[in-house]
Protein chains: 2
Amino acid sequence: MDQERPVKLSDISKALNLSVSTVSRALNDSHEIGEETKRIVQSYASKVNYRPNLIAQSLKEMNTRYIAIIVPEISNSFFAEIVNGVEFVANNQGYHVVIYQTHDSTEREINIIRDVARRKADGLLLSPSTNQTDVNEVMKSIGAKLPVVYFDRVPSDNYCHKVVCDNYQAAFEATSWLIQQGKRRIAHMAGPSGISISIERLAGYSAALLHAGISVDPNLIRYSNFLAREAWDNLRDLEEKYQPDAYFASSDRLSFYCYEAVQMLPEPRATEVKIVGFTNATFAHLLRPKLSAIVQPAFEMGKIAAEMLLNTITKKNKNIEYGFIKLPAVLKNTE
Amino acid sequence: MDQERPVKLSDISKALNLSVSTVSRALNDSHEIGEETKRIVQSYASKVNYRPNLIAQSLKEMNTRYIAIIVPEISNSFFAEIVNGVEFVANNQGYHVVIYQTHDSTEREINIIRDVARRKADGLLLSPSTNQTDVNEVMKSIGAKLPVVYFDRVPSDNYCHKVVCDNYQAAFEATSWLIQQGKRRIAHMAGPSGISISIERLAGYSAALLHAGISVDPNLIRYSNFLAREAWDNLRDLEEKYQPDAYFASSDRLSFYCYEAVQMLPEPRATEVKIVGFTNATFAHLLRPKLSAIVQPAFEMGKIAAEMLLNTITKKNKNIEYGFIKLPAVLKNTE
DNA sequence: TTAATTTACGCAAACGATTGCGTAAAATAG
DNA sequence: CTATTTTACGCAATCGTTTGCGTAAATTAA
């Protein structure tokens with residue numbers, strides 16, 4: 001086996017009897033190099049398949065030309081679509097996108113953020129896991145060098161870039177729709193308490209109920225993190241004690257847990273209990289009975305988040321102006 | 001705003017009146033450094049929140065401590081699970097995992113492979129998109145420096161590491177099951193012709209038919225890449241001309257396209273036509289009528305692939321022995 | 001007590017690229 | 001024909017680490 005080591009500038013410079021700097025400039029099409037020399041260098045470089053070492057380039061240039069995105073779970077269609085939106089604009093601007101997943105573990109998240117900082121990613125797109133305060137602390141400790149745009153789950157303060165969908169409005173509409181369908185005892189399967197999306201969706205849900213003259217029953221509101229176990233316990237308990245006639249689920253996974261639990265109920269409840277939930281799953285519309293879906297403009301959110309991030313990266317020294325974009329979600333699969 | 005630049009070794013060395021090399025060795029707990037000095041350096045470093053610059057480290061060490069995985073689509077549960085398996089073992093061994101998706105574009109794939117090579121990833125896990133020959137060429141051009149393990153879609157030659165599931169056996173069982181259900185005119189929605197999984201699944205399908213005394217009708221075999229358009233045209237044509245009484249779908253997406261198309265048929269076909277397909281979608285079991293699923297041990301495949309890769313990375317100079325692992329898939333949702 | 005060894009540190013070269021500056025030769029100006 | 005500018009290249013520093021080697025001082029051996 002030929003231990004075919006990648007060719008570097010000095011290899012070319014030796015072969016052509018030129019200095020390394022001349023070779024470098026020739027390849028970068030510098031005006032300081034004669035046309036003839038350029039041609040020779042470039043053709044030789046492509047002949048021997050020269051590819052600049054990005055590690056070395058990054059060290060010199062102090063940038064890496066890639067951005068990182070940290071999501072809870074890539075198999076979640078919502079986040080997958082966001083990633084696609086991010087890739088769409090980033091690739092167009094010559095940036096690569098590196099994807100990390102936290103599996104909703106704060107510990108993993110912190111490790112990843114540290115790593116992203118140490119590897120000198122040019123920017124970070126972040127949808128923080130549950131634990132707000134820990135993450136805040138890490139973000140401080142890595143210094144002000146790393147531009148960040150938050151999406152979906154965002155901090156409450158205003159000194160950062162944020163992209164979200166209008167969770168309040170979406171929750172309001174979804175709940176109102178259930179009410180229109182004649183439902184009164186509407187349970188809310190909420191995400192972890194304390195994070196932005198949970199708070200806003202709960203608010204929209206409550207507002208819709210009140211707006212329809214229905215009082216908000218705390219017993220019907222259940223917080224779950226994303227472990228199946230917790231959601232199931234909540235569902236079982238709700239069914240035993242309160243038998244809601246509808247569910248409003250606050251996340252992709254909760255929507256499907258809900259759906260599954262309801263399908264396992266004896267008839268006629270299994271078909272009568274309506275479910276509406278946040279989900280971007282491509283195949284949600286195949287389910288019978290229907291799972292009504294609040295679909296977020298995930299691809300668009302990704303695009304916008306990436307644009308904001310790349311803007312702050314390239315316009316580094318200008319004075320920053322924090323953006324807060326809120327996009328509408330749409331309700332689908334309402335028969 | 002304090003332009004809080006990351007602290008580097010020379011900052012520490014100046015502050016403590018030590019040489020850079022001493023600081024470096026102290027932080028790496030070298031035996032050449034006095035205990036007292038170590039303590040001073042380490043405590044100061046942690047006080048000022050020193051984090052080594054991984055770019056610089058990588059350049060010096062000639063490794064990056066991360067591996068790349070290239071998949072067609074992260075939203076596909078099969079690949080998402082593979083990624084999870086990979087992360088599981090890689091993280092345990094101190095490696096990070098960088099995820100790229102090709103969206104089944106050969107062009108994107110080639111760009112990504114080149115980038116992975118230039119960024120000096122320590123290894124690559126690859127499930128090549130459709131175009132075999134192009135990818136082969138790129139893999140040659142980037143030189144022998146990058147250890148690669150193929151999974152799912154693998155090259156035919158034996159001089160590489162491969163992890164797959166037993167596609168032939170799975171297809172055989174799935175088709176046999178359909179036959180047991182009394183189906184005779186079984187259509188096969190195949191993936192792109194020419195890639196390993198398509199070939200093996202087709203072979204298993206054909207063998208099962210022949211084993212049951214049913215002749216293989218080429219009209220019932222349709223190749224689609226993963227564009228919705230192509231699959232739909234095939235489905236429509238099949239329905240118009242041949243009205244199969246069952247479908248065997250060769251991929252996640254094809255399974256769902258099939259399912260959707262069949263559900264749109266007039267009764268009684270919509271409920272009578274059975275579908276069995278490869279899918280690792282978590283909620284496939286929620287569908288009614290059922291979508292019978294060939295579930296691959298994706299997490300396990302990811303684990304094994306990562307182990308093989310990390311083995312070849314760490315045992316670099318030893319003589320390589322190519323591995324070819326084949327795991328069984330299981331048939332689920334058969335009522 | 002002197003010689004040999006160990007301890008504890010600094011100097012400088014690397015890793016592979018980019019770039020400011022210096023400088024011969026060539027081209028242009030006067 | 002001399003003076004100045006331009007062209008076309010090389011030298012060497014730099015990015016932030018790691019590490020081989022050299023060497024005083026401290027310790028041990030003889």
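Chain naming here is simple, since letters A, B, ... match the order of the sequence lines and numbering starts at 1 in each. Hydrogens, waters and symmetry mates are skipped; everything else that's a heavy atom, side chains included, is used.
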Student: Please state how far atom NZ in B/Lys8 lies from atom C1' in D/dT18, giving the value in whole angstrom units.
Tutor: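 One finds 16 Å between C1' of D/dT18 and NZ of B/Lys8, rounded.
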Student: Kindly write out the residues that satisfy salt bridge (Lys or Arg N to Asp or Glu O under 4.0 Å) with B/Arg65, not counting sequence neighbours, or none if the list is empty.
Tutor: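 Not a single residue meets the salt bridge (Lys or Arg N to Asp or Glu O under 4.0 Å) criterion with B/Arg65.
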Student: Take the protein atom CE of B/Met62 and the nucleotide atom C1' of D/dT17, then report the distance between them rounded to whole Å.
Tutor: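 In whole Å, D/dT17 C1' lies 14 Å from B/Met62 CE.
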Student: Any base atoms under 4.0 Å from B/Lys60, or only sugar-phosphate, or nothing? Heavy atoms, all strands.
Tutor: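 Base, at least one base atom sits under 4.0 Å.
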Student: With axes from five pairs an end, tell me the bend angle of the helix from C/dT5-D/dA26 to C/dG30-D/dC1, nearest 10°.
Tutor: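 Axis angle across the helix from C/dT5-D/dA26 to C/dG30-D/dC1, nearest 10°: 60°.
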Student: Not counting sequence neighbours, which residues clear salt bridge (Lys or Arg N to Asp or Glu O under 4.0 Å) with B/Asp157? List them please.
Tutor: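 Checked B/Asp157 against salt bridge (Lys or Arg N to Asp or Glu O under 4.0 Å); zero matches.
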Student: Applying the side chain to side chain contact (heavy atoms under 4.5 Å, CB included) criterion to A/Leu125, which one of A/Val83, A/Asp152, A/Ile67 satisfies it?
Tutor: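 Of all the options given, the one that passes is A/Ile67.
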Student: In residues 17-39 of chain B, which ones come under 4.0 Å of DNA chain C, going by heavy atoms?
Tutor: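 Nucleic-acid contacts, sorted: B/Asn17, B/Leu18, B/Ser19, B/Ser21, B/Thr22, B/Arg25, B/Glu32, B/Ile33, B/Gly34, B/Thr37.
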Student: To the nearest angstrom, how far is B/Arg65 atom CZ from D/dT17 atom C1'?
Tutor: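 Rounding to the nearest Å, CZ of B/Arg65 and C1' of D/dT17 are 16 Å apart.
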Student: When the distance from CD of B/Gln57 to C1' of D/dC15 is rounded to whole Å, what number comes out?
Tutor: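 It is 14 Å, rounded to the nearest whole Å.
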Student: Salt bridge (Lys or Arg N to Asp or Glu O under 4.0 Å) with A/Lys162: which residues, sequence neighbours excluded?
Tutor: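 Counting only residues at least two positions away or on another chain, A/Lys162 forms no salt bridge (Lys or Arg N to Asp or Glu O under 4.0 Å).
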Student: Please list, in 5' to 3' order, the outermost nucleotides of DNA chain C lying under 4.0 Å from any heavy atom of chain B.
Tutor: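 The footprint of chain B covers C/dA8 to C/dG16.
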